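This one's a predicted model, so the numbers in the text were calculated from it and none came from an experiment.
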Amino acid sequence: MSADTVARSNGKTAAKSEKPSKVGAAATWADDRLGLAGLAKKNLRKVFPDHWSFMLGEIALWSFVVLLLTGVFLSLWYRPSMAEIVYDGSYSPLRGLEMSEAYASSLHISFDIRGGLLMRQVHHWAAMIFIASMFVHMMRVYFTGAFRKPRELNWVIGCLLLILGTLEGFTGYSLPDDLLSGTGIRAADGFMKSIPVIGTYASFFLFGGEFPGDAIIPRLYTVHVLLIPGVLLALIAAHMLLLVYHKHTQWPGPGRTEGNVVGFPMLPVYAAKAGGFFFIVFGVLTLMGGIISINPVWAYGPYNPAEVTAGSQPDWYMGWPDGALRIMPGIESHFFGLTLSWNVLLPIIVLPGVMFTILLMLPFIESWITQDKRDHHLLQRPRNAPTRTATMVALMTFIGLLWAAGGNDILAIKMNLSINQITYFIRAAVFIGPVIAFIITRRWCISLQRHDNEKLLHGYESGIIMRDAQGGYSERHLPLPLERAYTLTARDRDEVFVPQLTTDDNGVSSPTARKDKLRGRLSQLWYGDNVQKPTRDELDEAHHHAELEHAHEVAMSGHSADGHQFDGREESVSDNQLSSR
């Protein structure tokens with residue numbers, strides 16, 4: 001080693017070369033002004049827990065990355081213009097037809113650009129998976145209580161991402177200007193016009209005149225490639241920053257508390273796993289785009305306002321508003337020459353707004369009912385929050401029934417049923433089904449709580465049938481492993497809110513008496529039937545009883561099988577270990 005590159009250290013600071021490189025000098029300059037070294041040192045070693053359910057959010061993230069990459073490719077050849085031309089491209093069945101430049105460019109990408117059709121289909125499938133994974137990820141967050149303090153804001157951001165992702169999907173779905181997507185735009189025009197007073201003005205402004213106008217495709221293109229993606233990127237960045245700031249939630253287990261995180265550091269373990277998972281998602285989407293056809297725009301033809309595609313269906317994430325529209329009775333009102341189309345306004349404008357408002361408010365509603373102001377970093381098993389779990393299942397049932405209603409015509413054809421009967425059935429089911437789903441799910445969760453307590457107090461069923469001195473038979477129960485028992489007991493006991501006195505010593509009514517009374521009733525509904533985990537005294541008594549019972553069996557037979565010979569917990573079994581009974 002030359003004298004110019006000798007590293008020196010005083011034992012307190014890191015060794016530095018006497019003649020640093022240009023790269024090192026640039027890094028030092030940036031660190032002195034931005035503090036990047038300290039930030040990187042803190043965050044690159046940040047620990048993330050490991051569980052399969054956490055990958056749902058990663059699927060959404062990597063699908064969005066695929067959307068950006070494929071979208072950039074498609075934007076190089078797509079022409080967002082409604083100018084009419086005569087098609088003379090490669091797809092012979094459509095040659096000589098008048099169509100918009102937008103539709104012609106979509107055909108050009110599909111048939112004349114190398115890899116164009118693959119990119120179109122990967123882009124469309126990525127959009128489907130992006131929204132689907134956000135749906136499932138949000139359900140996981142709600143079912144496990146990951147939205148509780150201090151993560152309420154992150155829940156709101158996630159809801160906004162879901163709304164914007166849906167709008168982004170609709171705008172992209174409409175860009176090819178084929179007959180199917182044009183039918184969707186025509187429906188959107190009718191939805192806007194159902195809004196009282198401002199609806200016609202909104203439609204006129206958006207379309208640049210009477211439908212279809214000549215401005216809707218360029219405007220949707222701007223919204224699709226600039227406006228919504230920019231907001232999505234900002235919200236995703238905020239979502240990830242809050243995730244890092246609050247630290248990741250984790251499932252209960254030995255060594256895991258509200259004050260730590262057990263898992264792998266960002267570098268090198270988690271980064272390598274996340275990078276590998278990105279390529280898995282990309283590969284699966286590419287495989288789907290290559291072998292599963294989606295949105296074949298050449299089969300629909302160019303958009304014509306006088307035509308409608310038979311059996312037209314929106315993308316799946318728009319299916320539930322479409323289903324609400326299909327089952328809504330044709331109700332209209334007339335006031336002073338103004339017509340209110342309730343059959344369009346309620347299912348398409350009012351209902352989605354109400355549903356997303358409920359979704360946004362769920363964490364705050366639960367916090368107000370339970371008065372739980374603590375920070376939570378450990379997740380809950382869905383069975384340990386029966387009312388919360390049942391609430392989400394009821395909402396899922398409601399959405400699922402509406403989604404099925406969105407294909408009532410297809411169901412009628414495929415199942416040889418009456419479309420009217422399907423419609424009448426779903427009209428009733430959307431009110432009755434969620435109530436039934438709520439009751440069944442809540443009782444199911446409570447039963448599972450009771451089953452967990454039985455295992456904690458009496459052990460798990462070993463499959464060993466024992467015969468006592470009186471000739472009776474019973475199954476032997478073995479104590480749970482300590483790790484499993486710890487996991488089942490690592491939850492808080494629920495506390496029902498009890499309202500304070502409604503009046504003071506002087507008989508003056510409390511200003512919050514009515515609100516506290518309502519909160520007490522809701523808290524009783526929320527927690528009242530829950531099965532609480534056993535107390536320490538109950539556990540000690542149950543274990544003491546089990547030890548006495550085992551000792552009695554040993555005394556009666558001289559030796560006794562512990563049951564582990566049959567449950568896979570003992571590596572080797574000798575003949576003399578088993579009871580001869």
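Panel note: side chain Q380, backbone G145; no donor-acceptor pair is recorded below 3.5 Å. Side-chain atoms of R140 do not come within 3.5 Å of backbone N or O of F54 as any donor-acceptor pair. Proximity of a side-chain donor or acceptor of E58 to a complementary backbone N or O of A274 within less than 3.5 Å is not detected. Of the possible donor and acceptor atoms, none in the side chain of E483 sits under 3.5 Å from a partner among the backbone N and O of G253. Between the side chain of R491 and the backbone N or O of R381 there is no donor-acceptor pair closer than 3.5 Å. Judged purely by atom type and a 3.5 angstrom limit, D322 has no side-chain atom pairing as donor or acceptor with the backbone of Q313.
For the residue pair H246 and D375, no side-chain donor N or O sits within less than 3.5 Å of a side-chain acceptor on the partner. In the model, T389 has no side-chain atom that pairs as donor or acceptor with a side-chain atom of R442 under 3.5 Å.
In plain terms, the two heavy atoms of E152 and P363 that are nearest each other are CG-CB, 4.2 Å. In terms of heavy-atom proximity, L243 sits nearest to N154 at N-ND2, 3.9 Å. For E168 against P229, the heavy-atom pair with the smallest separation is OE2-CG, 3.3 Å.
Remark: T144 OG1 to H51 NE2 distance equals 10.0 Å, nearest 0.5 Å.
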Any chance you could lay out the side chain to side chain contact (heavy atoms under 4.5 Å, CB included) test for V47 and V262, step after step, and finish with the verdict?
-> CA-CA 7 Å; V47 174; V262 178; over 6 Å; no
Evaluation steps, side chain to side chain contact (heavy atoms under 4.5 Å, CB included), between V284 and I129 = CA-CA 11 Å; V284 171; I129 300 301; over 6 Å; no
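The side-chain contact (heavy atoms from CB on, under 4.5 Å) test with P150 is passed by exactly one of H377, R374, K247, H376: H377. The salt bridge (Lys or Arg N to Asp or Glu O under 4.0 Å) test with E366 singles out one residue from K149, R148, R388, and that residue is R388.
Ring-plane geometry between W155 and Y142 is classed as tilted, the angle between the planes lying from 30 to 60 degrees on a 0 to 90 degree scale.
For the pair R256 and W251, the cation does not sit on the ring face, since its NZ or CZ is not both under 6.0 Å from the ring centre and inside 45° of the axis.
The six-membered or imidazole ring of Y270 lies away from that of F264, with a centre-to-centre distance of 6.0 Å or more. Ring centroid separation for the pair Y78 and Y221 comes in under the 6.0 Å cut-off.
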